[in-house]
2 protein chains.
Amino acid sequence: MNTPAEKNHNPSPEHNHEKCVSKAIGTAEHLCVVRGVQLTPIRHQVLELIWENHKAVKAYELLDRIKPVMDAAKPATIYRALDFLIEQGLIHRIESLNAFVGCNCSGHQHEQLLLICKQCNEVEERPATEVMQALSLEFDQAGFVVHSKALEIHGICVKCIGLNDKQN
Amino acid sequence: MNTPAEKNHNPSPEHNHEKCVSKAIGTAEHLCVVRGVQLTPIRHQVLELIWENHKAVKAYELLDRIKPVMDAAKPATIYRALDFLIEQGLIHRIESLNAFVGCNCSGHQHEQLLLICKQCNEVEERPATEVMQALSLEFDQAGFVVHSKALEIHGICVKCIGLNDKQN
DNA sequence: AAAGCTAATTTTATATTATTACATTCATTG
DNA sequence: CAATGAATGTAATAATATAAAATTAGCTTT
Ligand SMILES: [Zn+2]
Ligand SMILES: [Zn+2]
Ligand SMILES: [Zn+2]
Ligand SMILES: [Zn+2]
């Protein structure tokens with residue numbers, strides 16, 4: 001496979017991804033202890049796979065990737081782990097892609113604006129405070145009581161624009 | 001079937017739905033002529049089914065509902081019609097539900113805020129100008145070039161809140 | 001009218017995503 | 001240790017969506 005999404009495999013040098021991972025896993029472990037829920041080996045495994053990079057990843061991709069380690073894995077295995085991680089706010093489900101991505105705001109305000117790059121498939125999470133405020137006003141005006149939000153934007157991220165420009 | 005989503009089947013008296021339908025179908029016919037594209041019988045049929053109400057409707061529900069009239073209908077029949085209607089901006093796809101709803105801003109600005117009621121399943125489209133402006137700023141700050149937006153809010157609509165309150 | 005072209009449709013098959021149900025195992029605690 | 005509830009294993013299937021090839025219908029050109 002060599003789709004556009006697979007290009008740019010190496011993160012930019014100034015991005016220390018090991019740090020991202022250790023922070024995310026550390027936070028997850030801590031939160032689960034605090035909350036008295038179990039970050040079991042399967043759940044831990046899935047969370048690590050999701051955090052291999054900042055790209056949106058599909059459930060069945062995760063299944064394929066976990067099989068070498070856990071031969072018994074079935075769809076339900078993955079979906080159950082994903083459900084748990086979503087409940088605990090450790091990952092986001094991207095509705096418009098049927099895909100998942102690690103959340104790096106875990107524990108704080110969780111419904112962020114997701115900027116999803118069509119070219120590198122990376123997802124940037126943004127608090128977008130002004131947007132959220134404008135949304136609140138809108139809900140008040142409409143008399144609408146919010147339970148959950150999916151705010152997903154598709155386009156080209158700043159890194160890919162830079163790369164594209166260089167190529168010309 | 002008698003899920004919560006099927007309650008409130010009668011639109012409020014002040015809502016003349018025939019008017020909604022005739023406006024939507026009229027606009028669609030007009031736009032297709034202007035654009036030199038064909039609103040074929042199948043596409044027209046599907047658009048009418050979608051406009052039976054303001055609720056989100058699933059592709060396979062449409063398939064079931066169109067079969068009595070068009071026995072030959074298959075998934076591809078529906079999905080092609082839906083693709084066409086989406087391309088022409090005549091309906092919205094609701095990513096977080098895998099469902100569809102008529103668009104009543106057809107021809108104008110198309111990416112609106114969708115307020116989706118969990119109780120009655122109706123979808124309200126709102127231009128939400130302030131939100132859109134705040135979003136634009138956010139994209140500029142992020143250096144992100146937008147191709148498309150999915151702005152979907154789930155909760156309880158003002159009508160259902162009213163009904164719920166009366167019941168207490 | 002016949003041939004050629006294009007958009008739309010039909011048909012069959014299959015891919016992808018997600019859930020259900022039930023049996024079993026594991027961890028915790030009384 | 002036994003009871004309990006949480007988590008996992010396993011199989012089957014449901015729900016959503018697309019691919020590909022053959023056919024048809026409506027035009028255009030000759
Ligand atoms: Zn990173
Ligand atoms: Zn990118
Ligand atoms: Zn109406
Ligand atoms: Zn409602």
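Note on naming: letters A, B, ... go to the chains in the order of the sequence lines (proteins, then strands), and numbering restarts at 1 for each one.
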Rounded to the nearest 0.5 angstrom, the CD1-CD distance for Ile50(B) and Glu61(B) is 11.0 Å
Between the CD atom in Glu152(B) and the CD atom in Gln112(B), the distance rounded to the nearest 0.5 Å is 13.0 Å
*Among dT10(D), dA17(D), dA18(C), the nucleotide that comes nearest once only the side chain of Tyr79(A) is considered*: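 Output: dA18(C).
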Closest to the side chain of Ala59(A), out of dA18(C), dA17(D), dT11(C), is dA18(C)
Please check the phosphate of [N] (OP1 and OP2 only) for any side-chain N or O of [X] closer than 4.0 Å.
| X | N | answer |
| --- | --- | --- |
| Gln38(B) | dA8(C) | yes |
| Arg43(A) | dT8(D) | yes |
| Arg80(A) | dT10(D) | no |
| Lys58(B) | dT16(D) | yes |
| Thr40(B) | dA7(C) | no |
| Arg93(A) | dA18(C) | yes |

Comparing Ala76(B) with Val37(B), nearest DNA chain C nucleotide closer to 5' gives the residue Val37(B)
Per nearest nucleotide of DNA chain C, the residue lying toward the 5' end, Phe84(B) or Asn98(A), is Phe84(B)
For this session: Mark yes or no for whether Lys55(A), through its side chain, and Val123(A), through its backbone, hold a donor-acceptor pair below 3.5 Å.
Result: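 Looks like no, no N/O pair under 3.5 Å.
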query = Could you state the NZ-P distance from Lys74(B) to dT16(D), rounded to the nearest angstrom?
reply =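 Interatomic distance, NZ of Lys74(B) to P of dT16(D): 19 Å.
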(Q) Should the side chain of Tyr60(A) and the base of dA18(C) be counted as holding a donor-acceptor pair, with the cut-off at 3.5 Å? (A) yes
**Study point:** Chi angles and distances behind the side-chain contact (heavy atoms from CB on, under 4.5 Å) call for Leu62(A), Val57(A)
**Key:** CA-CA 7 Å; Leu62(A) 291 171; Val57(A) 59; 3.9 Å; yes
